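Everything numeric here is computed off the predicted structure, so don't read it as measured data.
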Amino acid sequence: MLIDSHCHLSFKDYPEDAIPEILRRASEAGVSLLINVGAGEGCEGNEEALRLAEAHPQIYATVGIHPHDAKIAGPEILKKIELLAQNPKVVAIGEIGLDFYYEHSPRDVQEKVFGEFIDLALKLKKPIVIHDRGAGERTYEILKDQGQGTRDQRPKALGHESLVTGHWSLPTMIHCFTGIITFKKSVELMEIVKTVPLDRLLVETDSPYLTPEPHRGKKNE
């Protein structure tokens with residue numbers, strides 16, 4: 001079974017009447033399930049992502065606030081996302097994290113909201129999906145600090161060896177963190193991926209973005 005671990009089917013790029021055909025093409029390509037990421041269009045995108053997930057058995061959802069929108073993530077929105085996250089079709093909190101490349105929200109606000117969502121994920125026992133652009137070291141520091149428990153009951157952070165061998169109490173996917181192996185200039189990544197066992201690979205399209213060669217300029221599927 002192949003799972004698209006990160007796509008944006010409820011973005012405005014896709015009219016709703018296009019979804020059945022997208023799902024049909026996915027099935028023909030061997031993609032059985034799709035994880036539709038709610039974050040990215042303010043808070044409303046989360047409700048739309050969940051609505052699509054409830055309407056189609058092969059779609060699941062994540063909910064969260066993208067770091068671009070961190071400045072809108074007040075207590076009411078955080079509570080709303082917590083309620084949405086309790087739906088069984090919501091499989092993760094995300095995409096959340098830090099974007100110091102564009103900085104559409106101030107860095108300190110991004111960090112605060114990121115920490116609040118980590119706490120929420122720990123509370124609900126849901127994995128997190130991280131967006132990290134231009135903020136790798138700070139993302140790592142926040143995860144190491146908060147990823148092992150709540151702010152009030154946090155054991156000592158695990159060392160680097162434990163972190164890289166996967167002994168997190170909070171399952172974490174950092175989406176698109178190495179670059180795009182389907183881009184023709186990613187020669188080094190193409191060589192690296194040859195060494196990775198097939199059962200350790202995740203597929204993600206980030207649809208409608210990151211379209212691979214030779215389909216650049218078209219919506220990704």
Side-chain angles (χ1 to χ4, degrees), residues 3-23 26 31 33-56 58-107 109-118 120-121 124 126-135 139 173-177 180 204-211 217-221:
I3 299 173
D4 186 347
S5 65
H6 191 113
C7 57
H8 296 278
L9 296 178
S10 48
F11 272 18
K12 295 180 178 64
D13 303 74
Y14 294 118
E16 186 159 351
D17 58 6
I19 299 300
E21 280 299 298
I22 290 172
L23 296 178
V31 179
L33 300 174
L34 301 92
I35 311 301
N36 188 31
V37 175
E41 291 190 328
C43 186
E44 295 76 13
N46 294 295
E47 297 175 271
E48 183 63 17
L50 182 53
R51 190 184 66 77
L52 271 184
E54 290 179 322
H56 301 280
Q58 61 270 63
I59 298 178
Y60 287 80
T62 74
V63 295
I65 293 292
H66 194 284
H68 288 345
D69 300 320
K71 57 183 175 290
I72 72 167
E76 290 186 6
I77 283 182
L78 291 169
K79 186 62 179 178
K80 187 172 187 177
I81 290 174
E82 179 175 353
L83 291 173
L84 292 173
Q86 295 176 51
N87 188 297
K89 290 223 74 175
V90 173
V91 295
I93 305 298
E95 62 191 272
I96 58 175
L98 305 174
D99 194 312
F100 292 171
Y101 182 83
Y102 285 113
E103 286 193 73
H104 291 327
S105 289
R107 292 189 180 193
V109 175
Q110 291 186 46
E111 292 181 11
K112 176 179 178 290
V113 172
F114 185 25
E116 289 171 338
F117 276 120
I118 291 173
L120 175 61
L124 299 180
K126 301 256 184 179
I128 58 175
V129 179
I130 291 178
H131 173 103
D132 163 20
R133 187 164 188 185
T139 299
M173 185 179 92
I174 303 180
H175 109 91
C176 187
F177 77 106
I180 316 301
E204 75 161 291
T205 60
D206 202 25
S207 177
Y209 310 116
L210 304 184
T211 308
K218 300 178 181 178
K219 291 178 185 176
N220 192 18
E221 289 187 18

Can you list the residues that meet the salt bridge (charged side-chain N to carboxylate O under 4.0 Å, His left out) rule with Lys218, with sequence neighbours excluded?
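Lys218 satisfies salt bridge (charged side-chain N to carboxylate O under 4.0 Å, His left out) with no residue once adjacent residues are dropped.
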Closest non-hydrogen atom pair, [X] against [Y]:
X	Y	value
Pro67	Ile96	CD-C, 4.2 Å
Gly134	Phe100	O-CB, 3.4 Å
Gly45	Ser10	O-OG, 4.1 Å
Gly97	Ile130	CA-CG2, 4.4 Å
Cys7	Asp4	CB-OD2, 3.5 Å
Gly64	Ala39	O-CB, 3.5 Å

Main-chain N/O of [Y] paired with [X] side-chain donor or acceptor, under 3.5 Å:
X	Y	answer
Asn87	Leu84	no
Asn36	Leu9	yes
Glu95	Val37	no

Once you round to the nearest 0.5 Å, how far does [atom1] of [X] lie from [atom2] of [Y]?
X	Y	atom1	atom2	result
Lys12	Glu48	NZ	CD	9.0 Å
His66	Gln110	NE2	CD	9.0 Å
Glu221	Tyr14	CD	OH	5.5 Å
Glu116	Glu111	CD	CD	12.0 Å
Glu54	Ile59	CD	CD1	11.5 Å

Determine whether [X] and [Y] make a side-chain contact, defined as any pair of heavy atoms from C-beta on separated by less than 4.5 Å.
X	Y	answer
Cys176	Glu204	yes
Tyr60	Ile35	yes
Phe114	Leu98	yes

Applying side chain to side chain contact (heavy atoms under 4.5 Å, CB included) to Arg133 and His68, what does each step give before you reach the verdict?
CA-CA 11 Å; Arg133 187 164 188 185; His68 288 345; over 6 Å; no
Please output the side-chain donor-acceptor pairs of residues 73-82 that fall under 3.5 Å, not counting sequence neighbours, one pair per line with the distance.
residue, atom, partner, partner atom, Å
Lys80, NZ, Glu47, OE1, 3.2
Glu82, OE2, Lys123, NZ, 2.6

Can His6 and Met173 be said to form a side chain to side chain contact (heavy atoms under 4.5 Å, CB included), step by step?
CA-CA 10 Å; His6 191 113; Met173 185 179 92; 4.2 Å; yes
Just checking, is any N or O donor in the side chain of His8 or Asp206 under 3.5 Å from an acceptor N or O on the other one?
yes
Any side-chain donor near an acceptor of the partner, Asp99 and His131, under 3.5 Å:
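Yes, a side-chain donor-acceptor pair sits under 3.5 Å.
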Quickly, which of Leu23, Ile3, Leu52, Thr205 forms a side chain to side chain contact (heavy atoms under 4.5 Å, CB included) with Leu34? Name it, please.
Leu23
Flag if over 12 foreign heavy atoms under 6.0 Å of CD, Glu16:
no
Sequence neighbours excluded, the answer for side-chain contact (heavy atoms from CB on, under 4.5 Å) partners of Lys126 is Val90, Ile93, Leu124
